[in-house]
Amino acid sequence: MNQSPAPHRDTARTNPELREEATSRMIHATIELVAEKGASKLTLVEVGRRAGYSHTLPNYYFKTKENLLSGVYSNIISRFREWLVVWMKKRPAARRKAGLASFLTLIEGYLEGTRVDSPRARATHVLWAESFSSMPELLDEVRASHRQTVESIAMHIQMGQARGEIRADIDPDVMAQIVIGALRGVVSQKLIDPDQTDLDRISQTLVSLFGHGVGTQPFKDDADAA
C-alpha cells in the first residue's frame, strides 16, 4: 500500500519560521487581551489559548509574563514608529526638509495612529499606565521607550531651530515633554470617552496652537502647513 506523503507545509517550514509565527500570534493575542482587560490580571494560559496554541507554549517561549509584556510593548512601539515614518512621508509638508512642518506633522501623525490601530493604541496606554501603578516591573522598558520618543520630538524641534523656523529661546527637551504629554492626554480621553473626543478637531487645534506658539513666522492654519 502506498503511503501518502507528509503535508508540504510541515516539511517546508523551518523551526525559526514556526517560532516566528508562534511568537507573532502570541504577541497579537496579548495585545488583544491587554486592550480588553488590562495587563496585571493577564495570564500566560489565556495568551496561549487566544493564540490557538497549548496553554503551556507562552511559558516555553517567554518564560515569564514580564518578558512577554516587555516584548509586546517593544513590538507595539516599533510597529508604530515604522508606520509613522511611512505616513509622514506621504504628507506634503513633511516631504520638505525637517523643520516646523515636520514637527507639526509628527503631532498630527501621533493622533492619526490612534485611529488607524485602536487596539494597539489602547494596549500601549494600558501598559504605559500600569508600568507606574500595578506592574512596576515594566517601568524600565516603558521609560526607555518614552525617552526615545522625547528625544525624537526634541530632534525635530532642534532641526526647526537650525532652519530658523522655530524660536531659538525654546528648550527642545522641555517642549518635547509638553508635546508628548498633550498627545497622550488626548489619546487617554479618546479611550475613556470616544464619542466626545473629536480627534480631527483636536489635531487641528494642537497643530495651530503649537504652530503659533513655537514658530518664528506667522503661522497659516491650512492643510499644507499642518
Side-chain angles (χ1 to χ4, degrees), residues 73-118 120-125 127-129 131-132 139-191 197-226:
Y73 191 81
S74 177
N75 176 273
I76 292 174
I77 298 302
S78 296
R79 288 276 299 274
F80 175 73
R81 287 173 177 164
E82 290 170 1
W83 174 86
L84 185 59
V85 168
V86 174
W87 185 85
M88 288 184 66
K89 288 180 178 179
K90 296 177 181 178
R91 305 293 291 175
R95 283 201 292 267
R96 309 171 192 156
K97 293 181 179 179
L100 178 62
S102 65
F103 167 64
L104 298 177
T105 304
L106 182 67
I107 293 172
E108 189 181 12
Y110 188 100
L111 297 181
E112 180 63 21
T114 300
R115 187 189 349 251
V116 169
D117 199 340
S118 181
R120 282 179 174 266
R122 178 177 291 277
T124 303
H125 282 70
L127 293 171
W128 179 73
S131 73
F132 56 82
L139 189 55
D140 286 345
E141 178 77 29
V142 173
R143 182 187 291 120
S145 174
H146 168 74
R147 288 178 177 174
Q148 288 178 353
T149 300
V150 171
E151 290 172 1
S152 176
I153 297 173
M155 180 188 69
H156 280 270
I157 296 171
Q158 291 168 343
M159 290 180 176
Q161 290 174 325
R163 297 190 67 196
E165 298 175 352
I166 294 179
R167 287 166 32 205
D169 63 323
I170 289 175
D171 185 317
D173 292 328
V174 171
M175 181 57 68
Q177 292 181 61
I178 291 171
V179 169
I180 195 62
L183 293 174
R184 285 181 177 151
V186 169
V187 175
S188 296
Q189 293 179 72
K190 180 66 174 178
L191 296 174
T197 308
D198 188 331
L199 283 183
D200 288 328
R201 292 182 63 189
I202 292 174
S203 179
Q204 292 167 6
T205 300
L206 282 176
V207 166
S208 178
L209 283 173
F210 283 110
H212 286 291
V214 307
T216 57
Q217 302 295 325
F219 178 71
K220 295 181 180 180
D221 296 303
D222 54 38
D224 188 56

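Of the possible polar contacts, one joining the Ser102 side chain to the Gly99 backbone as a donor-acceptor pair under 3.5 Å is found. A donor-acceptor pair under 3.5 Å is formed between the side chain of Thr124 and the backbone N or O of Arg120. At distances below 3.5 Å, at least one donor-acceptor pair connects side-chain atoms of Thr216 with backbone N or O atoms of Gly164. The backbone N or O of Arg201 lies less than 3.5 Å from a partner atom in the side chain of Thr205, making a donor-acceptor pair. Not a single donor-acceptor pair under 3.5 Å links the side chain of Glu141 to the backbone N or O of Ser131. Put simply, the side chain of Glu165 gets close to the backbone of Leu100: a donor and an acceptor are under 3.5 Å apart.
Side-chain atoms of Val174 and Ile178, non-hydrogen and from C-beta on, do get closer than 4.5 Å to each other. In this structure the side chain of Arg91 never reaches within 4.5 angstrom of the side chain of Leu104, judged on heavy atoms. Contact of the Val187 side chain with the Tyr110 side chain is registered, since non-hydrogen atoms from C-beta on lie closer than 4.5 Å. Contact check for Met88 versus Leu84: side-chain heavy atoms found under the 4.5 Å cut-off. Inter-residue side-chain proximity for Asp117 and Phe80 is flagged as unmet; no heavy-atom pair is nearer than 4.5 Å. Between His125 and Ser188 there is a side-chain heavy-atom pair separated by less than 4.5 Å. Residues Val85 and Lys89 form a side-chain contact, since some pair of their non-hydrogen atoms from C-beta on lies under 4.5 Å apart. Side-chain contact between Ile157 and Val214 is absent, with no heavy atoms from C-beta onward closer than 4.5 Å.
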Exercise for review: Please report the C-alpha distance between Thr149 and Arg81 in whole Å, then the side-chain angles of each, then the deciding distance to 0.1 Å, and finally whether the side-chain hydrogen bond (donor to acceptor under 3.5 Å, both in side chains) criterion is met.
Suggested key: CA-CA 9 Å; Thr149 300; Arg81 287 173 177 164; 3.2 Å; yes

Practice item. Could you give me the CA-CA distance, side-chain angles and deciding distance for Arg79 and Glu82, then say whether salt bridge (charged side-chain N to carboxylate O under 4.0 Å, His left out) is met? Key: CA-CA 5 Å; Arg79 288 276 299 274; Glu82 290 170 1; 5.2 Å; no

**Study point:** CA sep, side-chain torsions, deciding dist, call: Trp87, Val116, side chain to side chain contact (heavy atoms under 4.5 Å, CB included)
**Key:** CA-CA 11 Å; Trp87 185 85; Val116 169; over 6 Å; no

**Study point:** Criterion side chain to side chain contact (heavy atoms under 4.5 Å, CB included) on Leu206 and Val186, from CA distance to verdict
**Key:** CA-CA 10 Å; Leu206 282 176; Val186 169; 4.2 Å; yes

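The minimum heavy-atom distance between Gln158 and Pro172, with the atom names listed, is CG-CG, 3.6 Å. Nearest heavy atoms, Ile76 versus Ala123: CD1-CB, 4.0 Å. Nearest heavy atom pair, residue Arg115 against residue Asp200, reads NH2-OD1, 2.9 Å. The shortest non-hydrogen separation linking Leu191 to Arg122 is O-NH2, 3.3 Å. A pairwise comparison of heavy atoms in Leu111 and Leu199 identifies O-CD1, 3.8 Å as the closest pair. The minimum heavy-atom distance linking Ser203 with Glu108 is given by the pair OG-CG, 3.5 Å.
The aromatic rings of Phe132 and Trp128 sit perpendicular, their planes meeting at an angle over 60°, well past the 30° parallel limit.
Atom CD1 in Ile153 sits 6.5 Å away from atom CG in Leu183 (nearest 0.5 Å). Put simply, CD1 on Ile202 and CD on Gln189 are 6.0 Å apart, with the number rounded to the nearest 0.5 Å. The line from CD1 of Ile107 to NE2 of His156 is 10.5 Å long, rounded to the nearest 0.5 Å.
Residue His146 forms a side-chain hydrogen bond (donor to acceptor under 3.5 Å, both in side chains) with just one option from Arg184, Glu151, Gln177, and that option is Arg184.
A centroid separation of 6.0 Å or more is found between the aromatic rings of Phe210 and Phe219.
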